[in-house]
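Down below is the structure, laid out as structure tokens.
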Amino acid sequence: MTSLVRTLRLLAAALSLAMAQANAAQLNVARVLIYSATRDFRHDSIPTAVDALVQLGPSAGIAFDHTEDQTWFVDETLAQYDAVLFLSNTGEGAWPP
């Protein structure tokens, strides 16, 4: 992956995170990060589960963000969440460093 692509991915992730944080702060809701990275086998149900959680979240007072990017697992980013949900992670190396 080129450094430009990597930089653009990080910028997009940061922007998405900032927007989600602003929305959650306005609504005074719990913030939960969904992490669903896999190695080897991938559950077909992952996209459906993520969509269901995101759609049902507001009625439960929860704002969900979803990522498969391990770079989100730093103190600065995780401090913005009330919980992390590990969704159908499989295979060695699927967990954050």
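One is the number of the first residue; the rest follow in order along the sequence. Atom set for the values below is all heavy atoms of this structure, side chains included, hydrogens, waters and symmetry mates excluded. Keep in mind the model is a prediction, meaning the values are calculated, not measured.
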Show your reasoning for whether side chain to side chain contact (heavy atoms under 4.5 Å, CB included) applies to V29 and I62. CA-CA 5 Å; V29 298; I62 302 170; 6.0 Å; no

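- Atom CZ of F64 sits about 10.5 Å away from atom CG of L33, to the nearest 0.5 Å.
- A donor and an acceptor atom, one from each side chain of D69 and T67, are nowhere located under 3.5 Å apart.
- Nearest heavy-atom pair across Y81 and T77 is CD1-O, 3.4 Å.
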Tell me which donor-acceptor pairs under 3.5 Å the side chains of residues 45-60 have, and how far apart each pair is, sequence neighbours excluded?
unit_1	atom_1	unit_2	atom_2	d
S59	OG	L56	O	2.8

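- Residues satisfying the side chain to side chain donor-acceptor pair (under 3.5 Å) criterion with S36, sequence neighbours excluded, are H66, E68.
- The distance from atom CZ of F73 to atom OH of Y35, rounded to the nearest 0.5 Å, is 6.0 Å.
- Side chain of D82 to main chain of R31: a donor-acceptor pair is present (N/O by atom type, distance under 3.5 Å, no hydrogens or angles).
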